[in-house]
Protein chains: 2
Amino acid sequence: MVMADDPPRRQPTLEAVAELAGVSRSVASRVLNNAPHVSRVKREAVERAVRELGYVPNPTARALATRQTGAAALVVSGEDPSIFADPFFAQVIVGASAALEEADLHLMLCLAATDRGRRRVEELLRGKGADGVMLMALRENDPLARTADEAEMPVVFGGRPVGTAPRWYVDVDNTGGAREATEYLLSRGRTRVAVICGRLDTEVGRARYRGYRDAMLAAGLEPFPPNEGDFTEPSGADVMAALLLQHPDLDAVFAANDNMAAGALRTLREAGRRVPADVAVVGFDDLAAARMADPPLTTVHQPIAALGRETARMLVALVHGETPTPLILPTHLVRRASA
Amino acid sequence: MVMADDPPRRQPTLEAVAELAGVSRSVASRVLNNAPHVSRVKREAVERAVRELGYVPNPTARALATRQTGAAALVVSGEDPSIFADPFFAQVIVGASAALEEADLHLMLCLAATDRGRRRVEELLRGKGADGVMLMALRENDPLARTADEAEMPVVFGGRPVGTAPRWYVDVDNTGGAREATEYLLSRGRTRVAVICGRLDTEVGRARYRGYRDAMLAAGLEPFPPNEGDFTEPSGADVMAALLLQHPDLDAVFAANDNMAAGALRTLREAGRRVPADVAVVGFDDLAAARMADPPLTTVHQPIAALGRETARMLVALVHGETPTPLILPTHLVRRASA
DNA sequence: AAAGGGGGTGGGAGCGCTCCCATTGGAAGC
DNA sequence: GCTTCCAATGGGAGCGCTCCCACCCCCTTT
């Protein structure tokens with residue numbers, strides 16, 4: 001009596017499909033990749049065998065042979081692991097996910113927050129663990145920038161890193177948006193327009209301050225010095241309080257993001273200033289929270305999902321051997337009650 | 001004159017490392033996986049060669065040989081691609097990402113919204129494109145459930161699917177939370193406690209209604225029938241309006257999530273009912289928005305990041321060949337002004 | 001002194017796929 | 001009728017790694 005071996009129950013291989021269809025592995029492979037040079041008869045035989053065996057190609061083996069993993073990584077630098085919970089990144093992920101799906105690439109999410117995370121990203125970059133990488137939220141002198149530079153792999157930056165412009169990036173027109181916001185305040189007759197900056201070790205923070213400053217100078221006004229917050233609500237409240245002390249007569253404030261604008265609103269409310277009657281406030285980002293603020297926040301809208309989508313598309317283009325050009329997405333002012 | 005060939009500039013292989021170190025591939029491999037049976041001398045020689053060549057193992061080749069991809073997938077079912085922007089999922093991702101990093105697994109994000117997405121997930125599941133899969137937000141009769149069942153791959157459900165309990169899952173105590181919320185309303189002397197249900201084709205929606213109903217019955221009160229919303233703010237407003245028409249005398253309402261509770265608050269405000277004086281409101285989720293609501297929302301807190309983290313940990317355990325047990329995470333009521 | 005362990009080592013066979021290339025045979029061209 | 005050409009085909013060599021296994025050598029046991 002023959003005992004059945006403990007059956008390893010392995011997935012059928014291409015070899016098995018070929019055998020069942022009575023053809024060679026080569027032919028079966030061609031059918032699967034629908035390459036030419038296969039007769040109608042054999043093609044159908046292979047298709048039948050695939051169905052019968054429930055065959056699904058092994059992506060790992062394919063990856064090894066083609067030297068393509070079929071995946072792209074979204075790498076987020078920064079120290080806070082909960083950055084993925086940030087509504088901004090969540091939107092980026094939505095856009096990137098959609099664009100990668102179109103190109104049949106998988107999305108890997110990597111956080112370079114811990115040492116371990118950074119090591120893993122480095123291995124990914126240097127060991128060809130993905131077909132390409134999107135890099136976001138790099139900080140000043142981020143070591144990731146160099147690793148990425150040395151990696152022989154397509155890399156697209158979402159948002160420019162501080163200082164240098166990489167070869168390929170997608171960014172939002174931060175300077176233009178900040179300028180528009182400031183110009184709007186000026187056009188409403190405000191003349192003492194203060195600013196609450198974001199972190200100046202980020203390009204976003206710098207670019208938005210530049211936009212503010214440009215608009216002020218163009219109007220012949222003295223820009224406020226860069227009062228730095230860190231993009232959080234409390235920091236906005238703090239900077240606002242300091243501003244009120246130093247410049248009790250200010251009649252408007254441009255905050256470099258909505259969180260800080262919300263903090264500013266809180267401080268103004270507590271100080272008994274009416275918004276917008278006494279002080280007009282404009283933010284940046286146009287997150288959902290801006291609409292809910294009291295009063296609803298006038299803010300610069302930026303296309304966040306589009307940022308993710310276009311970053312991914314640029315990466316796909318690179319993976320396909322094309323040569324895209326850097327992209328800067330437009331922003332626009334959304335007028336609500338706060339200004 | 002010898003022309004240099006166009007140099008393919010390929011990554012050094014283990015073979016190259018071995019050659020440079022003057023050992024065999026086997027020994028080099030052992031060093032890399034720090035396996036025993038390697039003399040000190042050769043170990044150091046290999047390490048030196050690795051450094052000199054800047055060698056990084058090719059994860060794809062390793063994956064093929066070991067039959068392990070080193071990645072886990074978080075699959076989200078549902079029709080709306082922007083689900084990743086949902087603050088709930090964003091938190092889940094944070095937790096899952098952290099837990100997978102501990103186990104040195106990469107996180108792949110898959111959305112089974114479109115046909116293409118579903119096909120890709122199916123290939124992932126059946127073609128062993130990952131070492132394991134976390135499945136979330138399955139809907140009633142979701143075909144993914146069967147595919148997952150047939151896949152010979154560890155699968156952990158985040159939140160139970162409708163009806164059946166899978167072999168491995170991590171869930172939140174929805175019923176207990178809803179019961180506690182309702183009991184709290186009753187303990188404050190409310191007796192006409194209405195309910196705004198979530199979608200009843202989801203287990204979350206059903207479980208939370210069960211909790212409400214149980215508490216009402218236990219108090220000897222007649223539970224309201226399941227008035228179904230779809231977890232969105234507008235639906236909460238609509239259901240609330242209908243409830244006010246049918247039961248003008250209600251003095252409390254339990255909404256199955258914060259979004260719908262916010263809608264209810266809006267309707268109540270427009271109807272001139274004071275909260276909580278006339279009508280007390282309790283929500284579920286404890287998202288950031290609950291704190292910002294007017295009045296701040298009393299709600300059932302659920303540990304969302306922990307849900308993601310524990311789901312991932314359970315998956316890791318399965319991948320390592322262990323046999324974990326399903327897990328239900330506790331919820332607790334957060335008392336604010338609305339009730 | 002012969003037999004019996006192991007540690008250390010390298011050869012080689014996969015893992016499951018792609019793709020180059022040699023081979024075949026029939027249609028088209030002279 | 002005989003080259004010429006090309007679609008169709010299958011064999012085989014990788015892709016870069018892991019891991020089984022046979023082998024050697026030296027140090028203990030009986």
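Numbers restart at 1 for each chain; the letters A, B, ... are given by sequence-line order, proteins then strands. Side chains are part of it too, since the values below use all heavy atoms of this structure and drop only hydrogens, waters and symmetry mates.
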| Going by heavy atoms in the side chains, are S77(A) and L135(A) under 4.5 Å from each other? |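 No; the side chains remain at least 4.5 Å from each other.
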
| field | Side chain to side chain, I93(B) and F89(A), heavy atoms closer than 4.5 Å | value |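 Sidechains of F89(A) and I93(B): no contact.
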
Distance in angstrom units between [X] [atom1] and [N] [atom2], rounded:
X      : N       : atom1 : atom2 : result
E15(A) : dA13(D) : CD    : P     : 15 Å
R30(A) : dG16(C) : CZ    : P     : 21 Å
L32(A) : dT18(C) : CG    : C1'   : 11 Å
H37(B) : dC24(D) : NE2   : P     : 18 Å
R25(B) : dC19(D) : CZ    : C1'   : 11 Å
R40(A) : dA8(D)  : CZ    : P     : 12 Å
E19(B) : dG10(C) : CD    : P     : 13 Å
L14(B) : dG10(C) : CG    : C1'   : 13 Å

| request: For S26(B) and for S39(A), locate the closest nucleotide of DNA chain D by heavy-atom distance; then report the residue assigned to the nucleotide nearer the 5' terminus. | output: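 Of the two residues, S39(A) wins.
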
| task | Decide, yes or no, whether a salt bridge links D149(B) with R167(B) under the criterion of side-chain N to carboxylate O below 4.0 Å. | result | no

| Test: E44(A) and R48(A) ion pair at under 4.0 Å | no

| note | Heavy-atom nearest pair, K42(A) first then G22(A), reads NZ-O, 4.5 Å

| said: If you count every heavy atom of other residues, nucleotides or ligands that lies below 6.0 Å from E19(A) atom CD, does the total exceed 12? | reply: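 Atom CD in E19(A) is not crowded, with 12 or fewer foreign heavy atoms closer than 6.0 Å.
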
| field | Below 4.0 Å: OP1/OP2 of dT18(D) and any side-chain N or O of S29(B) | value | yes

| message | Is it true that T202(B) and E140(B) share a donor-acceptor pair across their side chains at a distance under 3.5 Å? | response |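 No pair is found: no donor N or O on one side chain lies under 3.5 Å from an acceptor on the other.
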
| said: Let's see if you can work this out: which of dT18(C), dG10(D), dG10(C) has an atom nearest to the side-chain heavy atoms of K42(A)? | reply: dG10(D)

| field | Any residue of residues 52-69 of chain B with a heavy atom less than 4.0 Å from an atom of DNA chain C | value |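 Close to the strand are L64(B), A65(B), R67(B).
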
| query | Relative to the 5' end of DNA chain C, which residue comes earlier, S24(B) or N33(A), by the nucleotide with the nearest heavy atom? | reply |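 Residue closer to the 5' terminus by nearest nucleotide: S24(B).
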
